[in-house]
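Presented below is the structure to which this report refers.
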Amino acid sequence: MSDYGHVRAEQTKSQGEDAEKEAADSEEQVASLPASPDPSSITATTGTDASSVLCKQRSRGHREPACCVKAAPDWPLRGPAAFAPAVINLNNPGFERAFRVKGSGSLLHGTSETNGNYLINRGPQEQSQKRRPVTVDSSKAKTSLEALKMSIKQLKWKEFPLGRRAPCDIYWHGVSFHDNENIVSGQVNKFPGMVEMLRKINMSRAVRTMQELFPEEYDFYPRSWILPEEHQLFATQIRLIKEKDAAVNPTFIVKPDGGSQGDGIYLIRDPADVKLVVGSQAKQAVVQEYIPKPLLIDKLKFDIRLYVLIKSLEPLEIYIAKEGLTRFCTEPYQEPSQKNLSHVFMHLTNYSLNVHSGNFVHSDSQNTGSKRTLSSVLYRLAAKGVDIKRVWSDIIALVIKTVIAVVPELKVYYQADIPPGKPGPTCFQILGFDILLMKNLKPVLLEVNSNPSMRIEHEQEVAPGVFEFVPSPVDEEVKVGVIRDTLRLMDPFHKKPVMSYQDKSRGSEPREEIQTDAESGSRSPDENQPSLCLKQVYPKYTKQFNHLRLAERIASLFIRFLGVKGNMRLGPTAFRTFIRTCKLSSSNFTMASVDILYIDITRRWAAAAADSREAGMGLQAFVEAFFYLAGRRFRSLSLREQVVSLLELCEAQLGPQSEDRRSLSCSRAPPPRAVKTQTPYHTNSQLASPAPQRRAASQDNRPPQTLKPRMLRASVEN
C-alpha cells in the first residue's frame, strides 16, 4: 500500500474508533449515575429570601409536569454531595439560578437557556478532565503544516490532516479564506479580503486616507505613488524638487502590487527608469521614498518581522507577539548611489533574496547569523543605552494604527462573504509586519504580509546542486510559539465575553504611555501551558487610538446602504438613497448634482482599477465622495472636523440603528491630546503629499455651483 493509502486507512480507522469511543463514553455516563439523595437536601436560593423547593423523584412510567425541567444527567454538582437528576420548578420569577447543597455551605451556579431550562455547570477541574479535545483541520495548511503539527501536539488537540466530514473547531488555511468553500461553522485562520486588502496599492490607498485625516499620526509610512496612474505626478514632483535644489537626489524603491519575497523590487533615482510595461501589459506597482539612513548592526541593514494576530473585527482585538525575527542583509550597507542601486544584498532585507548570497549565515544561535530573534537585537541595543520600552511603544502604536487603517475595507469584504444571518465561520488571522528602524530609532512600516512564512526549516545545499530542508531553531522558537498561542486564544472552550469599547473605556482611565511589560495581557488560559507569547494591545489601548476610527464609521454608512447581501459596491440608486436619507441635498446641491458627482467619481475609480469586473462605487470611492460632501457643507473647518461633523449629521439622521453600530465600533473622538514631535522619516520635506495643498487651494476658490468633485487624493488622478 502507498504511503497515502496507509495514511488514509489509518485516518478512517481512527475516525471509526473515535465514534465508538464517544458512544461508549455516553453509555458509561448514563450507566454510572450516582444514587439520588434526599430531595430535602436541595435548596433553591432566591437572593436574600431562600425558599426550599421540594421536587418529587421521578418514578418509572411517570411523566414530569410541563412546569418542571431536569438537571442535566452528565453535569454532576460540585461539593461533597453528589446526586442524580432532580425535577425543579423554575417558573418562579424570583429564582436566581443557583442551588445550595445543605451541609456544604456552597452555591452551585449554572446557565439558563432561552426556553427556561437550567443546567448546572461542572467545576473547572472536572470540565478540563471531561471535555473532548479541540479538533483542527490541517488539510490546507501548506507551508505552515510542520509548525502547526507541533503546536497541536503540544496542546494535546486532535488533528485531521486529510480533512473531516464532520465539522472541526478550527480550520487552518495556507493562503486565503477561500481555500475551503464549504465551511459553515467553526473558526478559520483567514479573513475574507485580507489578501486583496494588503496588496501594495490597496494598502497605500488605505494609509493615504488616514494620512489626510491624521497626518501627524500616520507619518510612519513612506510617501508613495501608485503606478501607472500616478507616474506623471511622480515625475513632475521629482523634477520640481531637483530644479529647486540640484544637490537633492532622492532614491526610490519600486514594488510590484502583488509581489512577494522580494520579487520584482528595484531601486531608482530617475522617474524615467520606472518599468511601466512588462510585455504588452501595464505593470501595477507602488513607488516609495527609500529610507537612506537605517539603523545598522554589525554594519548591516536589517528589518523586523513582527507577528500580529487579529483575533476579531467586531469587536476589534489585536495581539502582538513578544518575540519576532530580524532579517539581515548580507553585504555591508552604504547609502544609495548610482553605482550601488543594483546591490540587492546591501539594500533589500528579504530573506528569500539574501539566502542565495554566499555571505548568508545559517546559525543555530538566536543572536548570530543572518536571521536572529528580535529579543537578541533589542538586548544589544539596550546594552548601548537605547530606551527599548520606547521603541516597543512606538512599534505597538504603528501596528494598531495600521490595522485601524485596513479594517474598514475588511469589514466590507467580510459582510460580502459572510452576510449577517448567513451560516458561516468566525475568522482570525496572523499577519507579518515588516518594520525598519531608522538611525534615530523611529519605526517605519515597509509592508504587511497576509501570508507570512511559517516554515520552520530552511533549504541548505548539502552537495553541489543537491539541496535539502534542515531544521531552523530560530524559526521554530518564534513561529511555533505564535501558532500555538494563537490556537490557545481561539480555543472554543476558553471563549470569554468581550466588553464593548464604551464599556471597556468606562472601567479604565487613559494611560499616558503604552505599557510594554511582559505580564500585561499574557496570562495563560491553561495552567498547564506557559504564559502566552502574544500580548493584547487592542482594545486594551482603546483610549489612545479610538479617535482614529473615522474611516470605519464611514464604512458603516457604506455597508448600511449596500442593500443586497454579498454586494460590495453602491449603485446610483443606493447613493441617491444615502443622500436623501441623510438630507444632504439642497437647492444648491440638487439630486442632478448628486448623479453627476456619482458618475464622475465612479468613472475615475473604474479607470484606476482597470481589472475590476464590478460596476458601481466601492468603499474608497465612497470615502472620496464623503470627503467632498463634508468639505462642501462645512467649509470653514479642517478636513478632520468636516468629516466628524458630517458623520454626526448622518448618524443622527439614520437613527438608533446607526448609533448601535457606532457604539460597537468607534466612540466619539476624545479632545486632541498633545503629540510629541518626532523626527519624520522624510529626507526631503518637499515630498509631502500634494493632496492637502490642493484641498486648501480649492477650498476658498471653488465656485459654489461647481458640480465636479475636487481631487481629494493623488490615488485617483490620471
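What you see below is based on every heavy atom in this structure, not just the backbone, and it leaves out hydrogens, waters and symmetry mates. Please read all numbers here as calculations on a predicted model, not as lab measurements. Along the sequence shown, residues are numbered consecutively beginning with 1.
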Is [Y] close to [X] at the side-chain level, that is, under 4.5 Å between some pair of heavy atoms?
X: Lys311; Y: Met490; result: yes
X: Val254; Y: Ile265; result: no
X: Val308; Y: Ile318; result: yes
X: Cys427; Y: Pro192; result: yes
X: Leu619; Y: Pro408; result: yes
X: Arg633; Y: Leu646; result: yes
X: Pro539; Y: Gln536; result: yes
X: Ser645; Y: Leu637; result: yes

Working for side-chain contact (heavy atoms from CB on, under 4.5 Å), residues Cys650 and Leu584: CA-CA 9 Å; Cys650 292; Leu584 301 181; 4.3 Å; yes
Are Thr209 and Glu212 close enough, and set up right, to give a side chain to side chain donor-acceptor pair (under 3.5 Å), and what steps lead you there? CA-CA 5 Å; Thr209 297; Glu212 292 188 44; 5.5 Å; no
Quick check for you: to the nearest 0.5 Å, what is the distance between [X] atom [atom1] and [Y] atom [atom2]?
X: Thr486; Y: Tyr307; atom1: OG1; atom2: OH; value: 11.5 Å
X: Tyr598; Y: Thr573; atom1: OH; atom2: OG1; value: 8.5 Å
X: Leu198; Y: Thr402; atom1: CG; atom2: OG1; value: 10.0 Å
X: Arg560; Y: Thr581; atom1: CZ; atom2: OG1; value: 8.5 Å

Salt bridge or not between [X] and [Y]? Use side-chain N to carboxylate O under 4.0 Å.
X: Arg205; Y: Glu230; value: no
X: Glu651; Y: Arg553; value: yes
X: Lys283; Y: Asp257; value: no
X: Asp434; Y: Arg305; value: yes
X: Asp485; Y: Arg488; value: yes
X: Arg576; Y: Asp595; value: yes
X: Lys255; Y: Glu447; value: no
X: Glu624; Y: Arg208; value: no

Got a donor-acceptor contact below 3.5 angstrom from the [X] side chain to the [Y] backbone?
X: Gln642; Y: Phe634; result: yes
X: Ser224; Y: Pro222; result: yes
X: Gln429; Y: Phe191; result: yes
X: Arg640; Y: Leu213; result: yes
X: Ser556; Y: Glu552; result: yes
X: Gln187; Y: Ile170; result: no
X: Asp179; Y: Val175; result: yes

Identified side chain to side chain contact (heavy atoms under 4.5 Å, CB included) partner of Phe578 from the options Val594, Leu654, Leu629, Leu570: Leu629
Between [X] and [Y], which heavy-atom pair has the shortest distance, and what is it?
X: Leu562; Y: Asn567; result: CD1-O, 3.3 Å
X: Gly424; Y: Ile418; result: CA-CG2, 4.2 Å
X: Ile435; Y: Leu398; result: CD1-CD2, 4.0 Å
X: Lys411; Y: Leu313; result: CE-O, 3.9 Å
X: Ser450; Y: Lys190; result: O-NZ, 3.6 Å
X: Ile579; Y: Met591; result: CG2-SD, 4.2 Å

Please determine if Arg603 forms a cation-pi arrangement with Trp605, meaning its NZ or CZ atom is less than 6.0 Å from the six-membered ring centre and no more than 45° off the ring axis. no
Would you please test Val407 and Val403 for side-chain contact (heavy atoms from CB on, under 4.5 Å) and show each step? CA-CA 6 Å; Val407 160; Val403 174; 3.8 Å; yes
Where do Val643 and Ile554 land on the side-chain contact (heavy atoms from CB on, under 4.5 Å) test, with the steps shown first? CA-CA 9 Å; Val643 170; Ile554 298 176; 4.0 Å; yes
Measure up the Tyr171 and His173 rings against each other and bin them: parallel (under 30°), tilted (30 to 60°), perpendicular (over 60°). perpendicular
Angle class for the Trp225/Phe234 ring planes (parallel below 30°, perpendicular above 60°, tilted otherwise)? tilted
Is there a side-chain contact (heavy atoms from CB on, under 4.5 Å) between His547 and Phe214 once you walk through the steps? CA-CA 10 Å; His547 67 284; Phe214 305 96; 4.1 Å; yes
Please confirm whether Phe626 and Tyr628 have ring centers closer than 6.0 angstrom. no
In terms of side-chain heavy atoms, does Glu641 have a donor or acceptor partner in Ser638 at a distance below 3.5 Å? yes
For a quick check under 3.5 Å, do Tyr538 and Asn546 share a side-chain donor-acceptor pair by atom type? yes
Excluding sequence neighbours, so at least two apart, what forms side chain to side chain donor-acceptor pair (under 3.5 Å) with Ser204? Tyr221
Listed by chain and number, what are the side chain to side chain donor-acceptor pair (under 3.5 Å) partners of Asn180, not counting sequence neighbours? none
